[in-house]
Amino acid sequence: MPTITLPNGDTKSFDKPVSARDVAASIGTGLAKAAIGAKADFGSGGELRDLGSPIDRDCRLEIITAPRPNQKATADALYLMRHSAAHVMAEAIQDVLGKDVLLAYGPPTDTGFFYDMFIPEGKRFSTDHFDAINARIAAIIKEDRPFTRYEQPAGEALPRLNSEGNKYKVDNAERALGLPSSVYKGPKAAPVASTSDASSLRHSVTPSLSFYATGQPGKNWEDLCRGPHVPSTARIGAAQVLSLASSFWHGDENADRLTRVYGTAFPTQAELDEFLRQKEEAAKRDHRVIGKALRLFHIDEDVGQGLILWTPAGSVVRKELQTFIAAELRKQGYTEVFTPHIGRLDLYKTSGHFPYYKDSQFPPIVERDALNALADAACSCSEMLRRVEGVSPRLAAGINQRTGRETIAPDRVLPDDQLIDGFMLKPMNCPHHAKIFASAPHSYRDMPVRLAEFGTVYRWEQSGELNGLTRVRGFTQDDAHLFCTEDQIPAEIQGCLSLVKTIFNVLGMKEYRVRVGLRDPDSGKYTGSKESWDKAEAACLEAAASLGVEFSREPGEAAFYGPKIDFVVKDVIGREWQLGTVQVDYQMGPRFDLSYIGPDNKPHRPVVIHRAPFGSMERFCGVLIEHFAGAFPLWLSPEQARVLPISDKSNDYAARVLGALAERGLRATMDDSNDRVQAKIKVAADLKIPYLLVVGPRDEENGTVSIRARGIQKDLGALALPEAAAALAAERDTRGETSLAARFA
RNA sequence: GCCGCUGUAGCUCAGUGGUAGAGCGCACCCUUGGUAAGGGUGAGGUCAUGGGUUCAAAUCCCAUCAGCGGCUCCA
């Protein structure tokens, strides 16, 4: 006798078990027609299910519908369609390539779905097959075959899967049943069995497995699957295969290598086309492509992977951005410092960076004399490593005493004369800044001390991770460390957030969100007292809430030394980019034995806030290149205006125009090549120069320039030279709030 | 780091075992023009690097390096 509560609060009672389809039909035929699935909540959260699955208990029920025309699909609807589309794509692939392609795992994702599969040895699968596969996908959708669910007892289903010879499906089935895997022997083999009470889990799991046939069981294509699916293939709308990649079974690099086939599905072909158009648009904005075309930066094999050479044009963008940020920092009471790119190994042993994170650092720079001495003594490499990574008894005593926690393995504590000294390229700026703080006594009256540095750091990113400007091995953080009292934490976090807000606004990045990384309540890995954490987390959450943008709490995402706030911005075409963070750190004070004198005339530990709200200049510039598609606002543009004489008869006047622009400090050039003006415009347009000032005899006579603005494909009209120069300077100085082009609007 | 694909002129790319190619860019010449490419001539290449197969390798094979797409990672 289920009583069903609908999203609007209405209830409906039935005298026998019903399906969501029945419920939808009882409400209206329109709803029943539009329904593609349901979300039922029996008291433990909403759960997507098939339209036809039986409901025998009271629940809250939401009917998931396909979107009406001109309406966006809900996330739940897309989930159902894409999960279903993954089956259709898999069937299409098996039709094209053969049944010996073994299917492994095919979930929906944020933008589509993928299916991991094993392609048998000797079989080729390439993008050449895509047309055939897409044709099959379209045909299957058109056939409108029902997704038919049936269950089979585990005792029958498991042997059946085994006999089909697909170990990946056997593994899926075993995991679904809560059994330890008989075929996969990796680190992530049996996550369920590792929980505290495996036996109760066994009982709670249904002893049967579900399959979905795309059509009639036994007749049409079918797949082991938990579901749910849309009622029939036509309800998927439009789907297609997109790309191929490789993956590992269970993400375990020692396990089988699988082929991951990406695809996507949308309710209508128009939406799918729009998605493809956006992908194309995104590809055109690729900062690596634009960076090359506009000569913004260069990566040279001889210099090294992931090391950016900023060419003159790109240096302008980076420098302007940095100047802008630095001016905002000064307004907020930051003081600027400079520190070197390397520091002694002991410094990083104190900070804890070395050797714990040695895999993500450049190897140490060892002093020549020490190396020679070791070579003379025929020292082995492993011995050398031990001596580089070792810690002196003095340092060990200090670290243990200060933190009261860290245990240094006894075999790492070596007598001084065995240790090899050396330097490290700095992976972070904080140790240097801590030493600056510690170099002078501090009173609570001086606090907070805000040390800012565009500090360049070096990290050994895995080679496969490197990517243009967004993932590099040497980068300059917009770094600062705020040494403050606990009471000052909220205001300082607030300050960081307001800085971010100011700068994002000027750059037109209106949409962004923050993630607040909090403790994992079940873990004991964190340093600092519970009270401190409570306060710091509250401060982060409060600051995030006050920002007036979307924020999420992410338990377990805190660093071990304190909570953090991450910034995620959306660019103009809606892609999200993770930029910088603000992190509260209780660890650094004790480690570097930092103190300030409080009102009680006693020393106190400062808390340190690390903040690099834009991450790194490299990454941020990369994001901006894509955000603006290389068409930077005037103040950031490498070349702000170009003077185009229509023939060399006007070159002298053009030079005078250029002089007037230079007097205003504008970055401008003139094109005195013997091209025609049409060609000069084409060249300048390709370089995305904001303004072109065309000058000919007419202009010379009137003392004017003819103005053409980027993106507006016509002559806007003439303006007196001094007026035009002043307007350009004003557009720069207001960072676009006033603009020359707007005068002609 | 792992897997796959790719590497030819400054850039974008063609060239599948037999003399190294195109467009753009660059240099020079002609053209002197009013808003998205006027015309001509020319320079420019260790075909990523190292080995191998072959009478003969840009082309086939192996290794290395780098780029791309993923996977894994990111204090």
Side-chain angles (χ1 to χ4, degrees), chain A residues 114 116 119 124-127 187-188 242-262 283 286 288-289 292-295 298-306 348 351-361 427-428 430 457 459-468 470-473 558-562 564 578 581 583 585 587-588 610 615 619 644-651 672-687 692-700 704-718:
Chain A
F114 64 80
D116 281 350
I119 310 293
R124 290 180 61 92
F125 184 13
S126 77
T127 49
K188 297 171 192 169
L242 292 174
S243 63
L244 292 176
S246 85
S247 66
F248 297 109
W249 193 23
H250 289 268
D252 171 6
E253 64 177 84
N254 297 312
D256 299 4
R257 202 180 72 243
L258 302 172
T259 298
R260 176 164 297 180
V261 191
Y262 284 91
D286 189 320
R288 293 164 303 190
V289 175
K292 200 176 251 182
L294 303 188
R295 300 197 185 259
H298 173 67
I299 299 171
D300 195 289
E301 207 177 306
D302 289 339
V303 174
Q305 285 182 285
Y348 300 101
S351 70
H353 292 120
F354 189 81
Y356 294 109
Y357 298 110
K358 65 178 175 184
D359 288 346
S360 47
Q361 292 164 178
M428 286 188 133
C430 36
V457 298
R459 299 183 190 175
W460 188 261
E461 301 289 352
Q462 294 185 48
S463 62
E465 286 308 322
L466 298 170
N467 181 285
T470 56
R471 200 72 187 272
V472 294
R473 282 185 174 166
F560 69 90
Y561 49 73
K564 67 173 180 180
Q578 149 100 55
T581 62
Q583 301 186 352
D585 184 351
Q587 181 81 350
M588 210 161 125
H610 306 248
R619 170 166 256 264
L644 309 182
I646 66 166
S647 79
D648 59 14
K649 288 183 186 139
S650 299
N651 281 358
D672 59 2
S673 68
N674 61 3
D675 282 329
R676 299 191 339 170
V677 72
Q678 287 90 330
K680 294 181 184 184
I681 288 169
K682 166 77 164 75
V683 167
D686 285 349
L687 290 171
L692 306 182
L693 310 181
V694 178
V695 296
R698 208 157 66 212
D699 294 288
E700 179 164 9
T704 57
V705 292
S706 298
I707 294 171
R708 192 180 165 109
R710 181 178 57 202
I712 303 173
Q713 304 206 356
K714 61 173 190 190
D715 180 3
L716 290 178

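Below, chain A is the first sequence line, B the second, and so on; all start at residue 1.
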Need one value for [X]: base, sugar-phosphate or nothing, where a base atom within 4.0 Å counts as base even if backbone is also close, heavy atoms only.
X        : value
A/Tyr262 : sugar-phosphate
A/Lys680 : nothing
A/Gln305 : sugar-phosphate
A/Gln361 : base
A/Arg288 : sugar-phosphate
A/Thr259 : nothing
A/Gln713 : base

Quick one about A/Thr259 and A/Asp116 (side-chain donor to acceptor, distance below 3.5 Å, no hydrogens or angles considered), yes or no?
no

State, without any angle test, whether A/Tyr348 and A/Gln361 hold a side-chain donor-acceptor pair at a distance under 3.5 Å.
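No, no side-chain donor-acceptor contact under 3.5 Å.
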
Say we look at B/rC62 and B/rG4: how far apart would their P atoms be, to the nearest angstrom?
11 Å

Lys/Arg N to Asp/Glu carboxylate O, A/Arg473 vs A/Glu461, below 4.0 Å
no

Considering only [options], which nucleotide approaches the side chain of [X] most closely?
X        : options                : value
A/Val677 : B/rC73, B/rU35, B/rA36 : B/rU35
A/Ala685 : B/rU35, B/rA36, B/rC29 : B/rA36
A/Asp648 : B/rU32, B/rA75, B/rG1  : B/rU32

Look at the side-chain N and O atoms of A/Asn467 and state whether any lies under 4.0 Å from the OP1 or OP2 oxygen of B/rG69.
yes

Are A/Lys564 and B/rA75 close enough that a side-chain N or O sits under 4.0 Å from OP1 or OP2?
no

Specify the separation, in whole Å, of atom CZ of A/Arg260 and atom C1' of B/rG4.
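Taking CZ of A/Arg260 and C1' of B/rG4, I get 14 Å after rounding.
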
Note, A/Gln713 side chain near A/Arg708 side chain (heavy atom, < 4.5 Å)
yes

